[in-house]
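Comments concern the structure below.
None of these values were measured; they are calculated from a predicted model.
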Amino acid sequence: MAYSFPEEVLEHVFSFLSSPRDRNAVSLVCKSWYEIERWCRHRIFVGNCYAVSPEIVIRRFPELRAVEMKGKPHFADFNLVPEGWGAYAYPWIAAMAEAYPFLEEIKLKRMVVTDESLELISKSYKNFKSLVLTSCEGFTTDGLASIAANCRHLKELDLRESEVEDLSGHWLSHFPDSCTSLVSLNMSCLGSEVSFSALERLVARSPNLRTLRLNRAVPLEKLANLVRHAPQLVELGTGAYSAEIRSDTFSSLADAFSACKQLKALSGFWDVVPSYLPAVYSACSGITSLNLSYAAIPSSDLVKLISQCQNLQRLWVLDYIEDSGLEALAASCKDLQELRVFPSDPFGAEPNVSLTEQGLVSVSEGCPKLESVLYFCRQMSNAALIAIARSRPNFIRFRLCIIEPQAADYLTLEPLDAGFGAIVENCKELRRLSMSGLLTDRVFKYIGTHAKKLEMLSIAFAGDSDLGLHHVLSGCDSLRKLEIRDCPFGDKALLANAAKLETMRSLWMSSCSVSFGACKLLAQKMPRLNVEVIDERGPPDSRLESCSVERVYVYRTVASRQRLDIPDFVWTLDEDSSMRYS
Amino acid sequence: MDHHLQLHLALSNTSTHNPPPNDEKKRKFDESFSDDELTANKRTLPLLLWNDNRNMDSGCVDDVGVEEDAVVGWPPVKPRMRKVAEHHRRESTASNFITVENGGGLNSKYVKVEMEGIGIARKIDLGIFGSYQALTATLMAMFGKRREMYKLTYQDKEGDWLLAGDVPWERFVGSVRRLKLLKKVW
């Protein structure tokens, strides 16, 4: 091929491609491009840890420096995946420890990470820089101590929302005095108190620290001391935001915040005493992200704070903000892009706050850049949804949770098909949708017809028949992840759209009408899909084949379909076409 | 592969030709799919067990809040947020944002609070607090005063005025009728 560029030139060109999709596309052009690309790929993203094996990854990409991986399906966040299902990080960590001595970054989501894994990370990679564990579990503060003690050049330790067994706060003191490289520390999910003096010294000797997210145990009285050492902070998560009202505490806090000229994000705010909120006002004009999802304070206090933040782009808040507060938000924060409203009393049957569909309507009307919403409320109407869809055709993510399952349009008592239909019809760029309320097969027809860019769909207590599922699988061209619970969807739609499943990352169905027989058939038809029957009632072949399975998780994979870590409540198809577990 | 689903021959009566009548809030689930008893029972569970039997115990603060979700994983709130919601129900720091007309629920107990030197009295729901500490912190925040300058007194059901803090919290909540914050005299 005399006309092609020398390898070095191609490699140089490829180095400008950062997105995994672009790199994947490049590698498919021809064999020589595949070869060149694989030798110079340094970052990899594995969306499903079981879609591929460590051996395959290592064989193909010998020069990785950063690995990002996801384990359990999203519904694991809501206890729908039984404990012990899988997603263990250790086999990956161990394999990579041998293959990639220069690995610098590991990012894991919804995986089980043990102290052993953390210790191995801390000792295997001389140049390790960044560890991000999102919604992970399985490790203790001892594992964190290994990371702190051994990673000499650590820049980032981010434990967002992980479940850590908190043995003591002593782990933080393992950071050696020589460690001055920290850029980001997020320990907000931890319970125990760390030694404040160790924390203060760590912050003081980290000139590059940009992100500091404290845990609840760090008292407000001491926050000013920390902030004073780090006026260069861009993101701060406070600890508990309550203290006795004292003017000296207040003024030192206010002074410390006024020195932070680069602050863009605030979070934390457990146990808020509203009188202390004005201490952050000096920083508000620069704030673009505000996470108040733990702040139980009245709407008026929330509004006082929010209206100071004219440049706000992202707001996470509890429903204490109420419709009136959201109206105020719509009036003052014209740059708002993302809003999440969480329920303060998700299990109460009666509303405890005055938050309705009106709040979402106000924000949709008033904020022209709003593109991402997660909203919990107790009533909804088609009229509201239609108004929202018309005001805001630029939605990319729309997740609505009406707390009562199958709640109808409260004005007309009709299903909410028309409302969600308007959303998918108007919002042509919609990539993610979560639905709730009373929904028939009709809404799925709308989705299949219009939601051509939809990548992730979450459905609960909806639909009437297989037709609903069929509309989605046959119509949504860009669908990658589909998660369904408690819907009357079953075999016919699944089997008729078997090929579609190979174009997706995964399909989750729990408490639906998928029979064991259909699962076997699907697995037989599609050798590159792993069809996991997750059923805690014992072997599925001890029941009728027509019996519905509790859960089925289908994902494409190039790894073996018999994963070695399979627990005794998961069944996959064996070579001899019987459903067995190894 | 058969892409032409003969779906109009499905068992369900809710096919595309006949959308369900508008006045039917509850769909006929047992007609929608096969007569597998297990699944049929599961289908009706959410409708039957969605309940409001929260806070059956009255004001017992040592109770570790058990999540009363009859339906697993619904509403889809992450564990961390659930714990926070539980905590809020016991120890909120603001008293006057419960806007429902019938009060805050089974435990609510509204009492009048006066502060010496301030003409306007407030009302507070003792049911949302779990301790004296939480109550006084909130009162101080409400009135914007410093804790060490005031002492909390209350009038019990016998009409006597007492210093708050001597009896266990639950007993206090049971017997208190009014609160008054008095300036400490040095």
Side-chain angles (χ1 to χ4, degrees), chain A residues 75 77-80 161 189 242 244-246 271-275 293-294 296-299 320 342-354 376 401 403-406 408 413-414 438 440-442 460-461 464-467 470 485-486 488 490 492-493 496 498-499 511 513 546-548, chain B residues 1-3 5 7 10 12 14-16 19-20 22-23 25 27 29 32-34 36 38-39 42-43 46-47 50-52 54 67-69 71-82 84-85 88-89 91-94 96-100 102 104-105 137 140-141 144-148:
Chain A
F75 272 179
D77 285 352
F78 317 122
N79 296 336
L80 292 178
E161 294 180 63
C189 61
S242 70
E244 286 192 19
I245 316 277
R246 296 173 56 109
D271 317 314
V272 176
V273 165
S275 316
S293 40
Y294 299 119
I297 51 179
S299 178
Y320 292 134
F342 296 102
S344 54
D345 190 13
F347 304 112
E350 294 298 319
N352 60 324
V353 291
S354 179
F376 283 81
C401 178
I403 288 178
E404 168 99 23
Q406 295 160 346
L413 297 185
E414 283 175 358
L438 184 64
T440 72
D441 283 347
R442 221 173 329 151
F461 306 106
D464 308 308
S465 73
D466 267 41
L467 196 51
H470 175 68
R485 62 162 296 173
D486 293 274
K492 282 203 281 278
S511 305
S513 317
S546 56
C547 220
S548 296
Chain B
M1 195 149 334
D2 178 16
H3 288 289
L5 266 183
L7 287 164
S12 163
T14 55
S15 65
T16 41
N22 285 344
D23 56 322
K25 264 203 275 190
R27 268 100 34 77
F29 287 117
S32 292
F33 46 88
S34 70
D36 174 47
L38 214 63
T39 335
K42 266 195 187 156
R43 187 66 61 244
L47 298 173
W50 190 251
N51 59 22
D52 60 340
R54 62 187 187 122
E67 296 153 7
E68 315 92 356
D69 45 344
V71 183
V72 173
W74 191 268
V77 175
K78 291 187 188 172
R80 199 164 296 277
M81 286 301 297
R82 290 179 176 201
V84 168
H88 286 166
R89 272 205 264 144
E91 277 207 54
S92 308
T93 54
N96 46 5
F97 58 88
I98 296 171
T99 55
V100 195
N102 62 346
M140 290 303 143
K145 298 287 181 199
R146 287 168 62 164
R147 186 201 284 258
E148 58 267 30

Exercise. Drop me the distance from A:Tyr294's OH to B:Arg80's CZ, to the nearest 0.5 angstrom.
Key: 5.5 Å

Quiz item: Which atoms of A:Phe376 come close to chain B, meaning under 4.5 Å heavy atom to heavy atom: side chain ones, backbone ones, both, or neither?
Solution: side chain

Practice problem: Measure the shortest side-chain to side-chain distance between A:Asp77 and B:Pro76 over non-hydrogen atoms and say whether it is less than 4.5 angstrom. | Solution: no

Quiz prompt | Where B:Val72 and A:Arg485 come nearest, the two heavy atoms and their spacing | solution = O-NH1, 2.8 Å

Quiz prompt | Over all atoms of both residues, closest heavy-atom pair of A:Cys401 and B:Pro75 | solution = SG-CB, 4.1 Å

Exercise. For the pair A:Glu161 and B:Lys78, find out whether any cationic side-chain nitrogen is under 4.0 Å from an anionic carboxylate oxygen.
Key: yes

Quiz prompt | Value rounded to 0.5 Å, distance of CH2 in B:Trp74 from CG in A:Asn79 | solution = 14.0 Å

